[in-house]
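In what follows, a single structure is set out as structure tokens and then discussed.
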Amino acid sequence: MATTHGAESTSGETTAGTEVPHDAQATGSFPPFDSATFPSQLLWLAITFGVLYWAMTKVALPRISGILEDRRDRIAGDLAEANRLKQESDAAIAAYEQALAEARNRAHGIASDTRAKLKAETDARRRDAEAQLGKRLADAEERISEIKSAALSQVGDIATETTSALVEALIGKAPSKTELDKAVKAALK
Amino acid sequence: MANDPIHQFHINKIIPIEVGGLDLSFTNASLFMVATVAVTALFLIMSTSGRGLVPTRWQSMAEMSYEFVASTLRSSAGNEGMRFFPFVFSLFMFVLIANLIGMFPYFFTVTSQIIVTFALAMLVIGTVIVYGFAKHGMKFLGLFVPHGVPGVLVPLVTMIEVISFLSRPISLSVRLFANMLAGHITLKVFAGFVISLAASESLGLFGPVTSVLPLIMTVALTGLEFLVAFLQAYVFTVLTCMYLNDALHPSH
């Protein structure tokens, strides 16, 4: 740096000679320690910091703390609401499960009742049907035996007539009734 | 003078004002104090104007800074400390925004002036002393007499405590001031190397080629300075909270 300056100006001495007074003229000393600037700096610091303090106290901080409080309240409120809803839904689930269990029990009861009733009904019908069938069977048997005895009683007459016709055809003369009955009875035995 | 690393700290009058022999001019320093306050206030007020339940990005940043400072204050000074919240929040935002504005090239860094950081530190210590005496009366002096110290040592320990208390505003202000000042000087020096090397005639082609090295350094330092800008604002705030805790609970 010194060589550059030296090359630019005619001599290094004049450069140094101009530099030092220039600094001294501008400040008199190292600027931060120049007490001539202190009153001005203190005054303006007091004014600006005062304004900042006022703006923070009156506007910015109440607003930010308001925002944060609103948010905290809102979150707390939402959580409480969520808790309440959860309890409600828990209660609803419990009630539903209880109702379900009751309904299941009732359905079970109804089913077994119905089963018992149906069984009784079918049993009764079956007994009826069996009784009816038995009666009809007995009737039929009775009629068969009637028809049988009727048929058997007529067998004698038919035999007598047939025998009389046969005898007449063979010998040309009808036999007497008593003889016929005797002969037929003997044959039927 | 382009390479003079001190040039950026010069204070120039914009509107000269003189009252009773005191120079109260509106300077570039004043301009950037106004800018700091304007940026802070506009950011915090405009970003929250929607009062959204679901925050926008800007509103989220405003809320984050609020909760960041609130948790810092609460963790070191307890819930009672929240009465100082507007003060601590204003301090944090002022220092942070002033530091960050200072990171723009050609912008003035308000916090690189010792008188500014010292005034802020004195404001903190003044608050501690006034509130401490107002709330605890003479018991506030118990701050300087730790419990459980053998009788012989009490004067010595008390003296040490008093000295440490008195050095607080100095350490608080010098820490912030020196960090900002040194950071900006370093940046300026390395950036100056880039120009000097690139423009150097005696080095030939070697100059521009090697000027990449200080350029890389400048980029890295810029990142570091952003970290420092935030970190120093945070340190200033944390220490403020701890000192305020002393005013609230003076007994050790």
Side-chain angles (χ1 to χ4, degrees), chain A residues 1-8 15 18-78, chain B residues 1 3-4 6-11 13 17 19 22-27 29-31 33-34 36-38 40-41 43-45 48-49 51-55 59 62-63 65-67 70 85-87 89-91 93-94 110 112-116 119-120 123 177 181 192 196 199-202:
Chain A
M1 219 162 74
T3 51
T4 323
H5 278 291
E8 277 169 4
T15 316
T18 49
E19 259 181 32
V20 173
H22 182 83
D23 265 0
Q25 257 178 359
T27 60
S29 63
F30 183 55
F33 295 143
D34 181 5
S35 59
T37 66
F38 287 3
S40 149
Q41 293 211 57
L42 286 175
L43 172 74
W44 289 102
L45 178 66
I47 293 173
T48 50
F49 193 75
V51 169
L52 180 70
Y53 185 78
W54 176 84
M56 294 299 105
T57 318
K58 294 288 167 205
V59 188
L61 294 180
R63 193 187 280 179
I64 298 175
S65 71
I67 292 169
L68 294 177
E69 246 163 56
D70 281 357
R71 186 172 308 144
R72 203 177 304 129
D73 290 352
R74 174 71 181 272
I75 288 170
D78 283 359
Chain B
M1 284 309 108
N3 278 353
D4 179 7
I6 304 300
H7 184 259
Q8 56 181 320
F9 303 113
H10 279 240
I11 289 176
K13 294 173 191 173
I17 302 168
V19 180
L22 272 179
D23 178 18
L24 301 175
S25 306
F26 188 82
T27 61
S30 321
L31 177 68
M33 288 178 198
V34 172
T36 301
V37 170
T40 312
F43 158 53
L44 288 172
I45 291 171
T48 55
S49 62
R51 291 162 194 270
L53 202 61
V54 178
Q59 188 186 325
E63 287 172 12
S65 44
Y66 180 101
E67 288 187 324
F85 180 65
F87 173 58
F89 187 75
S90 305
L91 264 183
M93 290 311 284
F94 187 85
V110 174
S112 67
Q113 300 291 318
I114 181 77
I115 188 68
V116 171
L120 292 176
L123 196 59
F177 153 72
L181 183 87
S196 314
S200 165
E201 286 162 23
S202 54

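On a predicted model such as this, the values are computed, not experimentally measured, just so you know. Reminder, nothing fancy here: chain letters follow the sequence lines and each chain counts from 1.
Interface summary for chain A: among B/T27, B/V19, B/L91, the most heavy-atom pairs under 4.5 angstrom belong to B/L91. When A/V51, A/L68, A/V59 are compared by the number of non-hydrogen pairs under 4.5 Å with chain B, A/L68 comes out ahead. The residue among B/V110, B/I45, B/L44 with the most heavy atom pairs within less than 4.5 Å of chain A is B/I45. The greatest number of non-hydrogen atom pairs below 4.5 Å with chain A, out of B/M93, B/Q113, B/K13, is found for B/Q113.
With contacts defined as side-chain heavy-atom distances shorter than 4.5 Å, the pair B/Q8/A/P31 does not qualify. Between B/F9 and A/F33, the closest side-chain pair of non-hydrogen atoms is not below 4.5 Å. Between B/I11 and A/D34 the shortest side-chain heavy-atom distance does not fall below 4.5 Å. The side-chain heavy atoms of B/I114 and A/F30, taken from C-beta on, include no pair separated by under 4.5 Å.
Heavy-atom distances place the side chain of B/F177, and not its backbone, under 4.5 Å from chain A. Of the two parts of A/L61, the backbone and the side chain both hold a non-hydrogen atom closer than 4.5 Å to a non-hydrogen atom of chain B. When heavy atoms are compared at a cutoff of 4.5 Å, B/L22 approaches chain A solely by way of its side chain, counted from C-beta outward. Neither the backbone nor the side chain of A/A46 has a heavy atom closer than 4.5 Å to any heavy atom of chain B. Both the backbone and the side chain of A/S65 come within contact range of chain B, judged by heavy atoms closer than 4.5 Å. Heavy atoms closer than 4.5 Å to chain A are found in the side chain of B/Y66, but not in its backbone. With a threshold of 4.5 angstrom between heavy atoms, B/F89 approaches chain A through side-chain atoms but not through N, CA, C or O. With a threshold of 4.5 angstrom between heavy atoms, B/A29 approaches chain A through side-chain atoms but not through N, CA, C or O. Residue B/T36 does not touch chain A at all, counting heavy-atom pairs closer than 4.5 Å.
Side-chain atoms of A/S40 do not come within 3.5 Å of backbone N or O of B/D23 as any donor-acceptor pair. Panel note: side chain A/R71, backbone B/L53; a donor-acceptor pair is recorded below 3.5 Å.
Considering all non-hydrogen atoms of both residues, A/M56 and B/S90 come closest at CG-OG, 3.4 Å. Nearest heavy atoms, B/L24 versus A/L43: CB-CD2, 3.8 Å. The two residues A/L45 and B/A119 have their closest heavy-atom pair at CD2-CB, 3.5 Å.
Note that CD1 of B/I17 is 5.0 Å distant from CH2 of A/W44, once rounded to the nearest 0.5 Å. A distance of 7.0 Å separates CD1 of B/I115 from CD of A/Q41, quoted to the nearest 0.5 Å.
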